[in-house]
Amino acid sequence: MLTPGVDLDRLTAWMDDRHLGSGPLGDVTALGGGTQNVLLRFTRAGRSYVLRRPPLHKRRNSDETMRREARVLGSLAGTDVPHPALIAACGDEDVLGAAFYLMEPVEGANPTLGLPEVWGSDRGARHAFGLSMADALAAVGAVDHVAVGLGDLGRADGFLERQVARWGAHLASYSQLPGYGDVPRIGGTAEVGRWLDAHRPATWSPGLIHGDFHLANVLAHPRAPRVAAIVDWELTTIGDPLLDLGWLLSSWPARPQRSVGGGPLFSVGGADLADGLPTTTELLDRYAGRTTRDLTAIRWYEVLACYKIGIVLEGTHARALAGQAPQETGDLLHRHATFLLERAQERIADR
């Protein structure tokens, strides 16, 4: 089987050295999910594995990102956070040309593609699943990151103060890619950045953040209306967990929102899911009941989330223009990025 980015013979030898089964790899299947990273599911000696590695056209920090993901998943063992269990990680880029890790497969469904048949048709169950999103996110924010060995994962001091400058510089870096140009192709970033700097919360409490928490980055449990696992930890760091909450609220499909490229910002598994989801007010109340954090500045976190994620998504557009990502994907995410910056400006204007 042709598996771009994964030399199965080299992977087998690496697993041999770590006593991870014996014999050939079987049932090798490329998995969808995400727009960039390579996911491969396979079996060996009766055990199932999922391999995750960076995209074929790696970004400058792709390998370090993969190493961080693996570290966080390993540290989450024994916490209340639903996550794929880490089996083993390889930070050495020489084995497959990139850092990678192996994790336990999670039985579950991506809710943006469809809900499990057992409970997906029940409106009350869909509502319960939505509330479990807030529960899962609160569990992330409740992790004692120092106690689980992640105290040095990110620089908490000045985290909020750095955000606008950091992501503004990230956007400016796209000009180095052929075809993008010197002027950002998403509008409103300067105006939004100035508002964020002027209205930054004065106090906050550091904790673990996922960095991209929304419906497409969780798996729904097949037999119960709850989150089975949070996936795609590539933006994880130590910072202000309320940024995750701001992103969840901003991307929530139950709120009225304009279309982006013929569909909502995050499509969901049919109209049934959107019909049954809790409101953003219910999500906020659910989260509030599971945290001691001050939520009075949540609008600021929503605006920052739109600013940050919009710039991140625009990076795929920039790479697509440089021939390093599929153009269709780049165009779609550019529309999403534009939507998010418009959404940020709308939240700024809200009174």
Side-chain angles (χ1 to χ4, degrees), residues 18 34 36-37 39 50-54 59-93 98-104 106 132-163 165-167 170 201 203-214 217-219 227-248 287 290-295 301 304-305 308-309 312:
R18 282 147 188 82
Q36 297 290 315
N37 293 297
L39 286 169
V50 171
L51 177 146
R52 181 170 164 91
R53 60 143 287 168
R59 286 161 274 187
R60 178 179 54 83
N61 64 339
S62 287
D63 292 305
E64 179 57 27
T65 295
M66 202 59 45
R67 287 187 279 265
R68 286 166 64 87
E69 280 191 51
R71 178 185 174 188
V72 168
L73 290 181
S75 297
L76 289 176
T79 71
D80 292 333
V81 178
H83 66 283
L86 179 71
I87 297 174
C90 179
D92 184 355
E93 300 163 34
F100 67 92
Y101 63 86
L102 301 178
M103 55 185 162
E104 298 279 2
V106 175
S132 82
M133 292 279 292
D135 295 342
L137 187 55
V140 175
V143 169
D144 185 334
H145 58 285
V146 176
V148 300
L150 297 176
D152 61 345
L153 183 70
R155 185 162 55 96
D157 291 345
F159 175 80
L160 293 188
E161 291 80 0
R162 293 194 304 271
Q163 292 306 296
R166 176 187 177 183
W167 295 109
H170 202 74
T203 60
W204 61 280
S205 300
L208 179 66
I209 65 176
H210 176 271
D212 192 17
F213 186 83
H214 55 78
N217 280 343
V218 301
L219 296 176
V227 172
I230 304 170
V231 297
D232 290 359
W233 291 80
E234 59 187 293
L235 295 179
T236 187
T237 190
I238 302 303
D240 190 337
L242 293 187
L243 180 53
D244 275 342
L245 179 60
W247 180 220
L248 176 63
Y287 188 96
R290 286 157 173 75
T291 187
T292 59
R293 300 179 188 278
D294 183 357
L295 305 182
Y301 291 96
L304 176 57
K308 170 189 170 181
I309 302 297
V312 170

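The model shown is predicted, which means the values in this text are computed figures rather than measured ones.
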Exam field: side chain [X] to backbone [Y], donor-acceptor pair closer than 3.5 Å:
X	Y	answer
Thr291	Ala138	no
Arg290	Ala139	no
Arg293	Ser205	yes

Exercise: identify the closest heavy-atom pair between [X] and [Y]:
X	Y	result
Ala305	Gly246	CB-C, 3.9 Å
Glu234	Thr65	O-CG2, 3.2 Å
Leu243	Tyr301	N-CD2, 3.7 Å
Asp244	Gly211	OD1-N, 2.9 Å
Phe159	Ile238	CD1-O, 3.8 Å
Pro54	Ala99	CD-O, 3.0 Å

How many angstroms lie between atom [atom1] of [X] and atom [atom2] of [Y], to the nearest 0.5 angstrom?
X	Y	atom1	atom2	result
Asp294	Thr203	CG	OG1	6.5 Å
Met66	Arg52	CE	CZ	5.0 Å
Glu69	Leu235	CD	CG	8.5 Å
His145	Ile209	NE2	CD1	11.0 Å
Met133	Ile230	CE	CD1	8.0 Å
Trp247	Ile309	CH2	CD1	5.5 Å

- Message: I'd like to know whether CG of Asp144 has more than 12 heavy-atom contacts from other residues, nucleotides or ligands below 6.0 angstrom.
- Response: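 More than 12 within 6.0 Å, yes.
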- Is atom CZ of Arg155 surrounded by more than 12 heavy atoms (other residues, nucleotides or ligands) closer than 6.0 Å?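 No.
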Are any of the side-chain heavy atoms of [X] and [Y] separated by less than 4.5 Å?
X	Y	answer
Val140	His83	no
Asp80	Asp135	no
Tyr101	Leu73	yes

- Item | Among Thr236, Leu150, Leu86, the one residue meeting side-chain contact (heavy atoms from CB on, under 4.5 Å) with Arg71 | Leu150
- Message: Under the criterion side-chain contact (heavy atoms from CB on, under 4.5 Å), I'd like the reasoning laid out for Tyr287 against Leu248: C-alpha separation, chi angles, the key distance, then a yes or no.
- Response: CA-CA 11 Å; Tyr287 188 96; Leu248 176 63; over 6 Å; no
- Message: What verdict does the side chain to side chain donor-acceptor pair (under 3.5 Å) test give for Asp212 and His210, after you've listed the backbone C-alpha separation in whole Å, the side-chain angles of each residue and the deciding distance to 0.1 Å?
- Response: CA-CA 6 Å; Asp212 192 17; His210 176 271; 6.0 Å; no
- Might you work through the side-chain contact (heavy atoms from CB on, under 4.5 Å) test for Val148 and Leu76, ending with a clear yes or no? CA-CA 7 Å; Val148 300; Leu76 289 176; 5.9 Å; no
- Query: Do the charged groups of Arg59 and Glu64 touch, with an N to O distance under 4.0 Å?
  - Reply: no
- Message: Go through it in stages, so that I can follow the logic: the residues are Val106 and Val50, the test is side-chain contact (heavy atoms from CB on, under 4.5 Å), and I'd like the CA-CA distance, side-chain angles, deciding distance and then a yes or no.
- Response: CA-CA 9 Å; Val106 175; Val50 171; over 6 Å; no
- Starting from the C-alpha separation in whole Å, work towards a yes-or-no answer on side-chain contact (heavy atoms from CB on, under 4.5 Å) for Gln163 and Asp240. CA-CA 11 Å; Gln163 292 306 296; Asp240 190 337; over 6 Å; no
